[in-house]
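Take a look at the structure set out below.
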There are 2 protein chains.
Amino acid sequence: MLLSKSCMYGLRASVLLASRENAEFVTIRELSDELNISFYFLTKVLQQMTKANLLESYKGPNGGVKLAKPAGEIRFMDVVIAIDGLKSLNECALGLPGCGVMKPCPLHEQWSALKTDMLNMMESITLKQLSIHERTAKASDQTIDIKNRINTFFEPN
Amino acid sequence: MLLSKSCMYGLRASVLLASRENAEFVTIRELSDELNISFYFLTKVLQQMTKANLLESYKGPNGGVKLAKPAGEIRFMDVVIAIDGLKSLNECALGLPGCGVMKPCPLHEQWSALKTDMLNMMESITLKQLSIHERTAKASDQTIDIKNRINTFFEPN
DNA sequence: ATATATTAAGACATAAGACTCTTTAATATG
DNA sequence: CATATTAAAGAGTCTTATGTCTTAATATAT
């Protein structure tokens with residue numbers, strides 16, 4: 001598993017938030033209901049994102065969370081770093097602490113190449129693009145609306 | 001973490017075995033000492049590989065384990081599948097159970113492309129190539145011999 | 001003020017992964 | 001045959017990730 005479950009949950013919630021253009025606060029309860037993620041657990045995850053200034057939160061009635069920046073300015077990678085940490089993106093495939101250019105493990109070169117592609121992807125894709133992907137998919141298949149497209153995934157896992 | 005620790009340990013041990021051309025049984029104790037991996041834990045991991053017919057084991061004096069096939073015929077991927085399972089190579093980046101061509105998650109395409117590259121890599125690289133990499137690295141830097149190259153990594157992690 | 005809605009924080013519970021030890025089975029050697 | 005050497009199997013323990021609950025803090029509305 002490349003990303004932790006926490007991170008996956010954070011990403012799913014982020015994309016859902018990004019798809020809500022009109023940017024008012026959304027309650028975590030609503031997010032957890034739509035995404036079929038434990039409310040308690042999702043709360044913890046989103047707290048991390050709030051601390052990392054990716055989300056803005058507001059307590060009390062009409063409170064909730066929303067993206068702290070336009071969806072186009074939050075990169076996939078930002079979410080991953082906020083939740084799983086930078087280290088998770090830098091690991092040697094064999095888990096060797098000293099692995100690097102100076103002391104490459106047998107897989108270093110091949111793995112580095114893949115990692116570069118992966119990091120490029122994570123760096124270039126924004127939440128906006130991910131949410132737009134949802135919308136275009138919707139446009140091309142009118143039988144499935146955004147909410148369904150997202151929700152159908154969220155069977156209990 | 002893409003691969004489990006068990007899997008990393010299995011790969012490290014495999015590469016070490018592959019670098020021992022002359023293919024007599026090597027004791028797990030010797031492997032665990034050289035790789036600085038817990039003997040007990042490595043034993044469990046290698047048992048999985050034995051069950052998967054990647055290793056051959058032999059009990060009693062002069063016993064140990066060795067590759068069940070020529071190193072050139074054991075792919076990186078075989079070790080990963082034996083230890084982490086096929087499922088680990090097939091996961092959706094967001095952990096969505098139904099994700100696929102028919103019901104792609106927002107990241108499906110990009111992630112699929114990366115996964116294809118990764119699987120190609122895992123499929124094409126054999127233990128022989130990984131062990132040869134060790135040897136050529138040795139040749140290009142005579143101050144570091146194979147054992148040191150491998151061992152220097154194995155600080156406690 | 002009081003009641004209500006919400007996130008934050010911290011404590012707790014459960015599950016999975018990582019690691020350890022003991023016993024058993026197989027084999028070799030004297 | 002007796003002893004030593006090794007992996008296999010199974011039963012633990014420890015740690016980390018995941019998931020749940022309770023209380024506190026903050027805001028709104030009446």
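Just so we're on the same page: letters track the sequence lines, and every chain starts at 1.
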Looking at C:dT29, I'd like to know if its phosphate oxygens (OP1 or OP2) sit under 4.0 Å from a side-chain N or O belonging to B:Asn62.
yes
Within this structure, what is the CZ-to-C1' distance between B:Phe25 and D:dT6, rounded to whole angstrom?
11 Å
Side-chain N or O of A:Thr27 versus OP1/OP2 of C:dA5: is the shortest distance under 4.0 Å?
no
Could you tell me whether a side-chain N or O of B:Trp111 sits under 3.5 Å from a main-chain N or O of B:Leu94, the two making a donor and an acceptor?
no
Output the rounded distance in Å from CG (B:Leu42) to C1' (C:dT20).
14 Å
C:dT7 P sits how many Å from A:Gln48 CD, rounded?
16 Å
Using a 4.0 Å heavy-atom cut-off across all strands, classify A:Ile28 as base, sugar-phosphate, or nothing.
sugar-phosphate
Quick check: closest heavy atoms across B:Glu73 and B:Asp78, and the distance to 0.1 Å?
O-OD2, 4.1 Å
Over how many whole Å does the gap from B:Met8 atom CE to C:dG17 atom C1' extend?
13 Å
Would you indicate which nucleotide in C:dC19, D:dC21, D:dT18 comes nearest to any side-chain atom of A:Tyr40?
D:dC21
If the threshold is 4.0 Å, N to carboxylate O, is there a salt bridge linking B:Glu30 and B:Arg20?
yes
Send over the distance from B:Gln47 CD to C:dC19 C1', rounded to a whole Å.
14 Å
Just wondering, are more than 12 heavy atoms of other shown residues or ligands nearer than 6.0 Å to CD in B:Glu123?
yes
Side chain of B:Lys59: nearest nucleotide among D:dG19, D:dA7, D:dA25?
D:dA7
Which whole-number value in Å describes the distance from A:Asn36 CG to D:dG19 C1'?
15 Å
note: A:Arg29, atom CZ; C:dT4, atom P; distance rounded to Å ~ 17 Å
Could you state the interatomic distance from OG (B:Ser131) to CD (B:Gln129), rounded to the nearest 0.5 Å?
9.0 Å
Of the candidates D:dT5, C:dC19, D:dT22, the side chain of B:Lys5 sits closest to C:dC19
Taking NZ from A:Lys44 and P from C:dA13, how many angstroms apart are they, rounded to a whole number?
15 Å
Less than 4.0 angstrom between a side-chain N/O of B:Ser38 and OP1 or OP2 of C:dT20, yes or no?
yes
A:Phe39 or A:Gly60: which one's nearest nucleotide on DNA chain D is closer to the 5' end?
A:Phe39
Please tell me which of the listed nucleotides, C:dG10, C:dA5, D:dT5, lies nearest to the side chain of A:Pro61?
C:dA5
Pairwise 5' ranking along DNA chain C for A:Tyr58 and B:Leu3, keeping only the more 5' one
A:Tyr58
Between D:dT18, C:dA9, D:dA8, spot the one nearest the side chain of B:Ser57, thanks.
D:dA8
